[in-house]
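A, B, ... follow the sequence lines: proteins, then strands. Residue 1 opens every chain. Reckoned from all heavy atoms, side chains included, excluding hydrogens, waters and symmetry mates.
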There are 4 protein chains.
Amino acid sequence: MPRSGGSDGGGSGAVNDGDEGAGRVVRSERADARRNKEALLGAAAAVFVASGVEAPVRDIAARAGVGVGTIYRHFPTRADLIIAVYRHQVEACAEAGPALLASCPTPYAALRRWIDLFVDFLVTKHGLAAVLQSDNAGFDTLHAYFIDRLVPVCDRLLAAAADSGEIHSGLAGLELMRGVGNLCIGAGSDPRYDARRMVGLLVDGLRRTD
Amino acid sequence: MPRSGGSDGGGSGAVNDGDEGAGRVVRSERADARRNKEALLGAAAAVFVASGVEAPVRDIAARAGVGVGTIYRHFPTRADLIIAVYRHQVEACAEAGPALLASCPTPYAALRRWIDLFVDFLVTKHGLAAVLQSDNAGFDTLHAYFIDRLVPVCDRLLAAAADSGEIHSGLAGLELMRGVGNLCIGAGSDPRYDARRMVGLLVDGLRRTD
Amino acid sequence: MPRSGGSDGGGSGAVNDGDEGAGRVVRSERADARRNKEALLGAAAAVFVASGVEAPVRDIAARAGVGVGTIYRHFPTRADLIIAVYRHQVEACAEAGPALLASCPTPYAALRRWIDLFVDFLVTKHGLAAVLQSDNAGFDTLHAYFIDRLVPVCDRLLAAAADSGEIHSGLAGLELMRGVGNLCIGAGSDPRYDARRMVGLLVDGLRRTD
Amino acid sequence: MPRSGGSDGGGSGAVNDGDEGAGRVVRSERADARRNKEALLGAAAAVFVASGVEAPVRDIAARAGVGVGTIYRHFPTRADLIIAVYRHQVEACAEAGPALLASCPTPYAALRRWIDLFVDFLVTKHGLAAVLQSDNAGFDTLHAYFIDRLVPVCDRLLAAAADSGEIHSGLAGLELMRGVGNLCIGAGSDPRYDARRMVGLLVDGLRRTD
DNA sequence: TATGAATGAGCTTTCATTCAT
DNA sequence: TATGAATGAAAGCTCATTCAT
């Protein structure tokens, strides 16, 4: 799978984030620290759901039952925390792209399914879609992470669908991802708005019809 | 034109903010107040362009050369101010709907043109699209205003296009407006994202193809 | 009296800081604001005595019975507050220089008396001498103020004493002031250390003896 | 040599930190601990130069490659660490006093040379002079150490110079040391201020002239 | 009616110090 | 004995909103 850049190196799935692989001799994180880190991730996820990803640091600390300093130790910036909270899902999404391409009847179908996955992810993350558009410098690494992980996948799917003649070529994955992300903003807060349906229309609009 | 609810009679055109009694002697302060209000609208418009519709109240007051209290007197909530600043353009947009329906070759064409108008409006209003999605209670009247004025127009256009068989029926104007609004968030801050193009795809997606 | 630079223009004594002269039509400060500002200066002076000039902003606000915002309104930076608190005394000191030169039997005597005045001032200002040496950028304007107001005066006295042959020439007022300031650090906290005496020795050391 | 009080037997030379029992088997950890302690002293010295003696504990630990807990184990207070870092130089300075008295042509000359040694020491210890004046209780033992070691030496030199009629009597070593220490504050941060010169003037001022 | 001074909650971030591992 | 994770008090600063003048 192509990777454009990436600040993290992390790479292919497992290894990181704890469960270190058998062979390497990585100084293992202290058990309590590990527990805290996980408590923190859980608490952050919960608070993010309730109050959005811009919730006060203190709220997250309180929910996790730790001091604020503990958050700063593990996640120096808010972006680090957000990334950590959603990393697994983002990775899963990224990995689903090639798989879908292999398993779906057509590239366009794969693209559609993949976008659905992304929407399912975003729609349940209160405030995340909004933050992904924020031009606040504090979120730069967050943007970079999403772009690094997902845009190449999207580009690939778009290219395949264009090659197969199902859609017009010329649309950048970045732009599509951003449009889709935008459509997910505020989803969930109003039952009269169904982001999935809107995204569906957008993806319909990609289709070549002639 | 049908109106669903409505917090403000607003409506028919020009400047009637406040319904002064007909024949009575108008108190002399009135002129000052009016002048202040207009200064305020101009200042707010300018500051909104520069810093977005969530710019600090103080900046607006300073630019208008009035005290912050004066803003609160004339526009008790930020939503009131935003509405006042954009009222003319929203009204113009609302009024363009029926006109387009009359002048365009097909209802779908009218819908498309009308959406374009709306996008042109939003894209140039720094931060407005974002605020239109905010679930912050302070913006409720703003939401209501936009919904009251524009959704019925959109519904009308959608219905006409559905009737003509150009698009599927079943999509609510509210939902479409919100999708379009979402796509406009953050437009202008990144040259790689063209909200107009994304909205174009979305509207393409509406089209019936069989 | 020569002035080297100066960010404040303030100038010759009275006028500023309230009591505006008769003639000019300066929009007078609101009475309550004035009262607050003065309460603030008083409170700051008191807190400075007790806890030094680096005391927490909150403490000063509490003592003055105002909110922290009020401090920031009147004195955007700590340096502004410190300057305001001590301005009268610094000005008085600056003005005493030429006067002493005129009234003392010799320039050296004037210098000595003037330095004594400065020491009397500093010694009673808990923490001020220390802050005058701090290389913290936040205190730059404070440094500048002291230097602008006092160094030229000192230079003048030094030059006069050198001209009269009482002291060697070649010492800059800035350096002398700084040495004197340093000698005043921590004075008052230990009865076994008498800054006045030490400064006396330093000034003795200036004298030409041959 | 007279000692007024004293928190630490310290004294006579080399490295004896901790009085290990004479004949007993020295526990094997001892070597580690010693090595750590020395690493710590080196690291602290380096960090003190770079960031001053009030540098964050963490920085020192990091530089030494140990945990912060290790610092607290060996040096419960910052003062203890500072003392340990500079002990050799302070001792050397203390010992130089009698030597100078023996070797210099006059007691005053010895005093002058000795003060110069002290200034040379202080001027190169970023932030040390400032801390020596701090009335922060945490530095009490530091003050005590300097006073215990150096003041008696200074007293001796002063007494000798007074006896020889070169200077007035009546000045306490404590006061002189403190004045000299004060003059060294901030030296090095501003090329326009030469602590050595100022101290020179101060010592000139001691001289009897009649 | 207009002003803008005052309020103070609210948020971030740092770092000395303790103590479980 | 060593580690470094965790704590949480402290402090700075901003800005919406109220209300005395």
Fill in the blank from the handout: Out of F:dT17, F:dT21, E:dT17, minimum distance to the side chain of D:Val68 belongs to E:dT17
Exercise for the section: Output the single nucleotide from F:dG12, F:dA2, F:dA6 whose closest atom is nearest the side chain of D:His74. Expected result: F:dA2
Handout entry: Earlier contact from the 5' end, DNA chain E, for A:Arg35 and D:Glu54
Key = D:Glu54
Problem - Watson-Crick or G-U counterpart of E:dT21, or none if no pair lies under 3.5 Å - result: F:dA2
Exercise for the section: Please tell me which of the listed nucleotides, F:dA9, E:dA16, F:dA11, lies nearest to the side chain of D:Arg78? Expected result: E:dA16
Exercise for the section: Starting at atom CZ of B:Arg63, determine the distance to atom P of E:dT3, rounded to an integer number of angstrom. Expected result: 17 Å
Practice task
Between D:Gly69 and C:Val66, just flag the one whose closest nucleotide in DNA chain E comes earlier from the 5' side.
Solution key: C:Val66
Exercise for the section: List the steps and the verdict of side-chain contact (heavy atoms from CB on, under 4.5 Å) for C:Phe48 and C:Leu81. Expected result: CA-CA 11 Å; C:Phe48 286 173; C:Leu81 179 56; 4.1 Å; yes
Handout entry: Length of the CG-C1' vector between D:Asp80 and E:dT17, whole Å
Key = 15 Å
Fill in the blank from the handout: Output for pair (A:Ile71 CD1, A:Lys37 NZ), nearest 0.5 Å, gives 13.0 Å
Practice task
Searching all strands shown, indicate the nucleotide that pairs with F:dC15 (Watson-Crick or G-U wobble; both distances under 3.5 Å).
Solution key: E:dG8
Problem - Integer-rounded Å distance: F:dA16 P and B:Phe139 CZ - result: 10 Å
Practice task
Find which nucleotide of DNA chain F each of C:Ala55 and D:Thr70 is nearest to by heavy atoms, and output the residue with the more 5' nucleotide.
Solution key: D:Thr70
Completion exercise
Closest to the side chain of A:Asn36, out of F:dA16, F:dA6, F:dA9, is F:dA6
Handout entry: Distance in angstrom units between B:Phe75 CZ and E:dA2 P, rounded
Key = 11 Å
Fill in the blank from the handout: Looking only at E:dA16, F:dT17, E:dG10, the nucleotide nearest the B:Tyr72 side chain is F:dT17
Exercise for the section: Specify the separation, in whole Å, of atom CG of C:Asp59 and atom P of F:dA10. Expected result: 10 Å
Handout entry: Rounded distance (Å) that lies between atom C1' of E:dT12 and atom CZ of A:Arg58
Key = 8 Å
Fill in the blank from the handout: By nearest-nucleotide position on DNA chain F, the 5'-leaning member of A:Ile71 and D:Gly65 is D:Gly65
Practice task
Look at the side chain of C:His74 and the backbone N and O of C:Glu38, then say whether any donor-acceptor pair between them is shorter than 3.5 Å.
Solution key: no
Practice task
Check each of D:Ile83, D:Thr141, D:Leu132 against D:Phe146 using the side-chain contact (heavy atoms from CB on, under 4.5 Å) test, and report the only one that passes.
Solution key: D:Leu132
Problem - Atom-to-atom span, CZ of C:Arg34 to C1' of E:dA6 - whole angstrom - result: 17 Å
Practice task
Determine the contact category for B:Gly138: base if any of its heavy atoms lies under 4.0 Å from a base atom, sugar-phosphate if only primed atoms, P, OP1 or OP2 are that close, otherwise nothing.
Solution key: nothing
Problem - Distance, rounded to the nearest Å, where D:Leu81 contributes CG and E:dT17 contributes C1' - result: 15 Å
Practice task
Give the nucleotide from the list F:dA16, F:dA6, F:dT1 with an atom nearest to the side chain of D:Arg73.
Solution key: F:dT1
Problem - Check: D:Ala137 main-chain N/O paired with D:His143 side-chain donor or acceptor under 3.5 Å - result: no
Handout entry: Donor-acceptor contact present, side-chain B:Arg63 to main-chain B:Ala45, <3.5 Å
Key = no
